[in-house]
A.B. asks: 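Take a look at the following structure, please.
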Amino acid sequence: MNESKKIRLATSHDMDTVYRLGFDKWGEQRTEAEHLDICRNSPKYKRGTWYVLEDEDQQIVCTAIIYPLDIGLSEFSTIGIGSLATKPSERRKGHAAQLLNQLVQMHQDKSEKSAFVLWSDIDPRYYERFGFEALPASFQKKETSTVMLRPPSHTTLRDLVSDTAFIPPTYF
């Protein structure tokens with residue numbers, strides 16, 4: 001992992017750059033201006049906390065958003081990770097892995113009772129190497145994404161989803 005990359009909270013000045021990183025994946029037949037307008041006005045994006053990974057020249061190379069979630073299990077804190085995106089010219093260089101690992105480490109409850117949820121728009125096997133597991137098919141409600149959960153330490157996905165209090169996460 002390249003130590004010259006650092007993670008920080010995104011500032012309001014960063015946000016158009018942040019939104020552009022996902023344009024090629026989530027732009028959906030819109031112009032860039034339309035995409036930016038939708039992102040700038042998104043209640044979903046305003047609810048979360050954005051992080052960026054920047055290079056030694058302080059250029060943003062990767063970004064993600066964090067949301068508090070409720071999956072019905074009060075003994076666990078649940079964190080949603082969304083919009084993990086890397087600048088196209090910087091892909092396949094380990095930036096997303098670095099950012100994801102650091103975000104999990106930063107938000108891991110000291111008692112290790114944090115669960116993490118994300119929706120994979122890529123091959124889910126990528127996230128399996130970080131401890132995420134696809135929820136059973138009955139919880140998969142989005143055709144183009146796979147909802148995945150990284151259970152807290154000493155807990156299995158099977159234990160979580162079989163708990164009668166478990167509330168399947170909805171797409172944030």
Side-chain angles (χ1 to χ4, degrees), residues 2 4-71 78-104 106-107 115-150 167-172:
N2 189 338
S4 62
K5 307 286 186 277
K6 82 171 195 181
I7 187 175
R8 65 172 174 80
L9 286 170
T11 66
S12 58
H13 177 74
D14 296 324
M15 296 316 297
D16 280 354
T17 300
V18 165
Y19 300 146
R20 280 186 186 100
L21 290 185
F23 177 66
D24 68 321
K25 179 67 181 169
W26 302 302
E28 299 176 357
Q29 309 297 320
R30 295 183 200 108
T31 66
E32 185 177 285
E34 291 169 330
H35 174 74
L36 289 174
D37 188 55
I38 289 167
C39 292
R40 288 176 189 138
N41 294 300
S42 168
K44 170 178 89 165
Y45 284 169
K46 291 176 183 175
R47 273 196 335 266
T49 302
W50 286 93
Y51 290 86
V52 297
L53 185 71
E54 60 183 19
D55 65 15
E56 55 280 350
D57 296 324
Q58 298 180 329
Q59 298 298 307
I60 296 170
V61 296
C62 190
T63 187
I65 191 170
I66 297 290
Y67 298 97
L69 295 179
D70 180 8
I71 60 170
T78 307
I79 308 296
I81 300 174
S83 300
L84 182 61
T86 303
K87 184 177 179 179
S89 64
E90 293 294 317
R91 292 180 181 156
R92 302 200 177 278
K93 297 181 181 178
H95 302 314
Q98 180 181 349
L99 183 56
L100 184 59
N101 279 326
Q102 287 184 333
L103 288 174
V104 167
M106 288 169 58
H107 291 88
F116 295 88
V117 175
L118 58 78
W119 276 259
S120 176
D121 294 332
I122 61 172
D123 186 337
R125 290 179 293 186
Y126 176 82
Y127 295 107
E128 288 173 357
R129 62 187 205 182
F130 302 101
F132 286 88
E133 302 173 59
L135 289 179
S138 61
F139 297 115
Q140 301 297 336
K141 305 295 183 198
K142 208 165 174 334
E143 243 179 79
T144 58
S145 297
T146 302
V147 64
M148 302 184 79
L149 191 139
R150 181 177 187 246
I167 300 168
T170 57
Y171 194 74
F172 32 81

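Each residue takes its place number in the sequence, starting with 1. Just so you know, these numbers use all the heavy atoms, side chains as well, and skip hydrogens, waters and symmetry mates.
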A.B. asks: Using every non-hydrogen atom in the two residues, find where Cys62 and Ala96 come nearest and quote the distance to one decimal.
C.D. replies: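 Taking every non-hydrogen atom into account, SG-CA, 3.7 Å.
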
A.B. asks: Taking salt bridge (Lys or Arg N to Asp or Glu O under 4.0 Å) as the test, write out the residues that go with Arg47, two or more places apart.
C.D. replies: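 Here no residue qualifies.
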
A.B. asks: Can you confirm if the aromatic rings of Phe130 and Phe116 lie within a centre distance of less than 6.0 Å?
C.D. replies: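 Not close enough - the centres of the two rings lie 6.0 Å or further apart.
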
A.B. asks: Can you tell me if Ser120 uses its side chain to pair, donor with acceptor, with the backbone of Ser145 under 3.5 Å?
C.D. replies: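 No: the side chain of Ser120 does not pair with the backbone of Ser145.
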
A.B. asks: Using the test salt bridge (Lys or Arg N to Asp or Glu O under 4.0 Å), find all partners of Glu143 that sit at least two apart in sequence or belong to another chain.
C.D. replies: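 Result, salt bridge (Lys or Arg N to Asp or Glu O under 4.0 Å) vs Glu143: none returned.
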
A.B. asks: Could you go through Asp24 and Arg91, starting from their C-alpha distance and side-chain angles, then the distance that decides it, and tell me whether this counts as salt bridge (charged side-chain N to carboxylate O under 4.0 Å, His left out)?
C.D. replies: CA-CA 13 Å; Asp24 68 321; Arg91 292 180 181 156; 2.8 Å; yes

A.B. asks: Please walk me through it: do Asp121 and Trp26 pass side-chain hydrogen bond (donor to acceptor under 3.5 Å, both in side chains)?
C.D. replies: CA-CA 10 Å; Asp121 294 332; Trp26 302 302; 2.8 Å; yes

A.B. asks: Can you tell me how far NZ of Lys46 sits from CG of Asn41, rounded to the nearest 0.5 angstrom?
C.D. replies: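 Those atoms lie 5.0 Å apart.
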
A.B. asks: List the atom of Ile65, the atom of Lys44, and the distance in Å for their closest heavy-atom pair.
C.D. replies: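 Minimum heavy-atom separation between Ile65 and Lys44: CD1-O, 4.3 Å.
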
A.B. asks: Heavy atoms, side chains only, cut-off 4.5 Å: are Asp16 and Arg40 in contact?
C.D. replies: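 In contact.
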
A.B. asks: Nearest 0.5 Å please: distance from the CD atom of Gln58 over to the NZ atom of Lys6.
C.D. replies: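 With rounding to 0.5 Å, CD (Gln58) is 6.0 Å from NZ (Lys6).
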
A.B. asks: State, yes or no, whether a side-chain contact exists between Pro169 and Val147 at a heavy-atom distance under 4.5 Å.
C.D. replies: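 SC-SC contact between Pro169 and Val147 confirmed.
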
A.B. asks: Show, in sequence, the C-alpha distance, side-chain angles and deciding distance for Asp14 and Arg8, and conclude whether the salt bridge (charged side-chain N to carboxylate O under 4.0 Å, His left out) test is met.
C.D. replies: CA-CA 11 Å; Asp14 296 324; Arg8 65 172 174 80; 2.7 Å; yes

A.B. asks: Roughly how far, to the nearest 0.5 Å, is the CD1 atom of Ile60 from the CG atom of Leu53?
C.D. replies: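 Answer for the CG-CD1 pair, Leu53 versus Ile60, is 10.0 Å.
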
A.B. asks: Please tell me if the side chains of Gln140 and Leu135 come closer than 4.5 Å, counting only heavy atoms from C-beta onward.
C.D. replies: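 Answer yes - side chains close enough.
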
A.B. asks: Taking salt bridge (Lys or Arg N to Asp or Glu O under 4.0 Å) as the test, write out the residues that go with Glu34, two or more places apart.
C.D. replies: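 So Glu34 forms no salt bridge (Lys or Arg N to Asp or Glu O under 4.0 Å) with any residue.
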
A.B. asks: Checking the side chain of His35 only, and the main-chain atoms of Arg20 only, is there a donor and an acceptor separated by less than 3.5 Å?
C.D. replies: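 Side chain of His35 to backbone of Arg20: no pair is present.
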
A.B. asks: What distance do Asp55 atom CG and Glu90 atom CD have between them, rounded to the nearest 0.5 Å?
C.D. replies: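 It is 6.5 Å, given to the nearest 0.5 Å.
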
A.B. asks: Should Ser83 and Trp50 be marked as a side chain to side chain contact (heavy atoms under 4.5 Å, CB included) after you check the CA-CA gap, both sets of side-chain angles, and the distance that decides it?
C.D. replies: CA-CA 9 Å; Ser83 300; Trp50 286 93; 3.6 Å; yes

A.B. asks: Suppose the criterion is side-chain hydrogen bond (donor to acceptor under 3.5 Å, both in side chains): which pairs have a residue in residues 122-131, not counting sequence neighbours?
C.D. replies: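 Qualifying pairs: Asp123-Arg125.
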
A.B. asks: If we ignore hydrogens and angles and just use 3.5 Å, is the side chain of Asn101 paired with the main-chain N or O of Ala97 as donor and acceptor?
C.D. replies: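 Judged by distance alone, yes, a pair lies under 3.5 Å.
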
A.B. asks: Give the minimum heavy-atom separation between Lys5 and Val61, together with the two atoms involved.
C.D. replies: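 Nearest heavy atoms, Lys5 then Val61: CD-CG2, 4.4 Å.
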
A.B. asks: Output the distance between atom CG (Leu84) and atom CG (Leu103), rounded to the nearest 0.5 Å.
C.D. replies: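 Spacing of CG (Leu84) from CG (Leu103) equals 8.0 Å.
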
A.B. asks: Which residues pass the side chain to side chain donor-acceptor pair (under 3.5 Å) test with Glu28, not counting sequence neighbours?
C.D. replies: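 Expected list: Arg30.
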
A.B. asks: Rounded to the nearest 0.5 Å, how far apart are OH of Tyr51 and CD1 of Ile81?
C.D. replies: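 Atom-to-atom, Tyr51:OH and Ile81:CD1 are 10.5 Å apart.
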
A.B. asks: For Val52 and Ala10, which heavy atoms make the closest approach, and how far apart are they?
C.D. replies: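 Smallest heavy-atom distance, with atoms named: CG1-CB, 3.9 Å.
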
A.B. asks: Side chain to side chain donor-acceptor pair (under 3.5 Å) with Thr17: which residues, sequence neighbours excluded?
C.D. replies: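 Once residues adjacent in sequence are excluded, Thr17 has no partner under the side chain to side chain donor-acceptor pair (under 3.5 Å) criterion.
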
